[in-house]
Protein chains: 2
Amino acid sequence: MAAKNSSSLKDIAAKLGISIATVSRALQDNPAISKATRERVAQAAREMNYSKNFIADSLRSGQLPVIGVIVPHAVTLFYSSVLDGIEQVAAQDGYAVINMNSHESYEEERCNVRSLQNLHVAGIIASVTQETEDFSHFDALAKEHLPVVFVARDIPTRNYSSVTADSVEAAHRATRHLIEQGCRRIAILCGPNRLKMVTERKHGYIEALHDNRLLVRPEYVAYSDINTQAAMQATERLLSMPERPDAIIALNDTLLFAAMKAIKNKGLDMPDDVALIGFSDVEYAEYVSPSLSTIEDQSRLMGETACRILLNHINGSPAPVKKIIPTIQRVRESSCKKR
Amino acid sequence: MAAKNSSSLKDIAAKLGISIATVSRALQDNPAISKATRERVAQAAREMNYSKNFIADSLRSGQLPVIGVIVPHAVTLFYSSVLDGIEQVAAQDGYAVINMNSHESYEEERCNVRSLQNLHVAGIIASVTQETEDFSHFDALAKEHLPVVFVARDIPTRNYSSVTADSVEAAHRATRHLIEQGCRRIAILCGPNRLKMVTERKHGYIEALHDNRLLVRPEYVAYSDINTQAAMQATERLLSMPERPDAIIALNDTLLFAAMKAIKNKGLDMPDDVALIGFSDVEYAEYVSPSLSTIEDQSRLMGETACRILLNHINGSPAPVKKIIPTIQRVRESSCKKR
DNA sequence: TTGAAAGCGCTAACAC
DNA sequence: GTGTTAGCGCTTTCAA
């Protein structure tokens, strides 16, 4: 069962008739070792197919060359991109990445933190669940000097590093864009209010209306669970109002595609009857007709940034850093009035 | 830097004035230890917030409780689902998962294998790159008794376990479905021929035509690079033929959505002028109009299965297992003639 | 029922 | 320039 085949320093030392320490030093290109010895060792190591045992190293240093990541669901374009960014940056510094999914469950999140702690990873990047309100499991890490960086979803009022998207500004810009297109009755299709993402984006929307001296109409703020059925119904309610909205902002993928379907079902023209723009990371927004305008997170960049910050912490820089990553607005057919 | 805070057996032993060995045994519920001692130890461990150091364990056993995974690109619905399946099964057995991306590069794949080997993971699940033809890096693992399972993309004629999709049968079934819809001029839109996925699916298509005594027309077999531009052009060429195909099978997501766009651009009715079905894992196939018929891999199940097989190998069952996972055909509007 | 000691592979402090 | 030794945290003989 146990793989006990790779050669060790001991094997090389024995073969060359020198001490283990000398081999160790030679392999580290320690200048104290004579060139001749260094070369003999290098040679032998190559021949014997030596590879350093990181575990032994880790036992001494107290940590594995591994970064732990906890996300709600890796099976989404957003989080898999974040992970991809993390992995790339980590690999450049010789760190591997262990991912765990919390499945939006607080209990699982606590388990994940414990598991990573037990594995003695060098640091953790986390995107907390929607239900996480108690952060003691993360505070415990701080006590052990295990650095943590939060990504995508920050935690409130704490001394942690984080990398988040500029939600408020993104929603503000999207609303501005619709206003510039001539829309005056702009509705917003939200997920459940308890999500921070929702409150932030809604905030940006309201600000933009204010800034442009447009009325905020409560009836234009629609809420829906995040599933196609519910979102289609919510959209239909918006579209059946006496003063029908002339634009809709959808706060995520699911809501966006559902809104599109509801608008089409109703036989309305998009964008001329109703313009549509939504927060979404999926490329398929471009392939449907009309192609859908979107606000896209720079998810990969968020991952890369979070990992860079974490590596700094691992290397001893303790000051927390809060980084905000701008979003990208992709204006396509669904939000451009033909005039 | 080093996290040197969690308490160790030594700490507990010191506090209780007993030996480390006794503590170790007590914690393992070794019946040789008196109940009183066991309880005292358990109590102290709890109080001191003891957690076992897996690394020390791993140094002895020679392997980490971690499974390594290598995929071409985790940022796809297919591979992120495979990973999700692997992770879930691994977690049940107390294993974490390290993922690495080869980015379809043979060199990176070799690096990844080496990295995982150096980390002394307990086993590896891999989906080889399109360019991998030499498998010596995997053979090296076998020599070290490091178990390997291939997933999604098998490697030829080797004594390895694998989990793959039933591509030939899937294409056969899709072709049959179109024939049942009354289609007689069925075209297939392929990616580059060097991909095994392409040759297999093409094989199923040809078999199905044969079985139904339909002619295989070479001009109906279109090749395209896997990008929207190229695929749209290839589709346009098909649609401009004197005897226009009355159905198209697209071999992946990108080809499928591009074909849809080309058919619409041409003003043809789907499915009545041209029926369309494609291999795809994305949910958005359902949201466009007409909704797109697809053949879907059971990617999550493939991951789960691969991981179960790997865990068996890790636990000492050496015989290689080849498992084939059926696909799911989702018939939607784009392939159902209205009659 | 418990303790002492060896050893997993490596590095670093301390000789010489 | 090189060797000796201790020690990271744990399990496991071997002794008592």
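Chain identifiers are assigned alphabetically (A, B, ...) following the order of the sequence lines, protein sequences preceding nucleic acid strands; residue numbering begins at 1 within each chain.
Phosphate proximity of C:dC8 to A:K10: present, with a side-chain N or O under 4.0 Å from OP1 or OP2. OP1 or OP2 of D:dT2 has not a single side-chain nitrogen or oxygen of A:T22 nearer than 4.0 Å.
If you check every strand for non-hydrogen atoms under 4.0 Å, A:S58 touches nothing.
Remark on DNA chain C: of its neighbouring residues B:L59 and B:I18, the 5'-side contact belongs to B:I18, judged by nearest-heavy-atom nucleotide.
Contacts between residues 111-119 of chain B and DNA chain C, defined by a heavy-atom separation under 4.0 Å, are absent.
B:E304 meets the salt bridge (Lys or Arg N to Asp or Glu O under 4.0 Å) test with B:R300; sequence neighbours excluded. With sequence neighbours left out, the side chain to side chain contact (heavy atoms under 4.5 Å, CB included) criterion links A:L195 to A:Q130, A:P192, A:M197, A:V198, A:I226. Judged as a side chain to side chain contact (heavy atoms under 4.5 Å, CB included), and not counting sequence neighbours, the contacts of B:L16 are B:I12, B:I18, B:R40, B:V41, B:A44. Remark: A:K15 engages A:E47 in a salt bridge (Lys or Arg N to Asp or Glu O under 4.0 Å) (not counting sequence neighbours).
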Any chance you could list the contact pattern along nucleotides 11-16 of chain C? Use B for base contacts, S for sugar-phosphate-only contacts and - for none, protein heavy atoms under 4.0 Å, 5' to 3'. BBB---
Could you list the donor-acceptor pairs under 3.5 angstrom formed between side-chain atoms of residues 64-75 of chain B and any protein atom two or more places apart in sequence or on another chain?
none

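For an aromatic pair to be called close, the ring centres must be under 6.0 Å apart, and B:Y160 with B:F135 fails this.
Note: CG (B:N30) to C1' (D:dC10) measures 15 Å, nearest angstrom.
Sorted by first then second residue, the salt bridge (charged side-chain N to carboxylate O under 4.0 Å, His left out) pairs that include residues 110-120 of chain A, not counting sequence neighbours, are A:R110-A:D134. Applying the salt bridge (charged side-chain N to carboxylate O under 4.0 Å, His left out) test to residues at least two apart or on different chains, the pairs with a partner in residues 98-109 of chain B are B:E104-B:R153. Under the salt bridge (charged side-chain N to carboxylate O under 4.0 Å, His left out) criterion, no residue pair touches residues 65-74 of chain A, with sequence neighbours excluded. Judged as a salt bridge (charged side-chain N to carboxylate O under 4.0 Å, His left out), not a single pair has a partner in residues 25-34 of chain B (not counting sequence neighbours).
In the helix from C:dT1-D:dA16 to C:dC16-D:dG1, the rotation axis of the first five pairs and that of the last five pairs differ in direction by 50°, rounded to 10 degrees.
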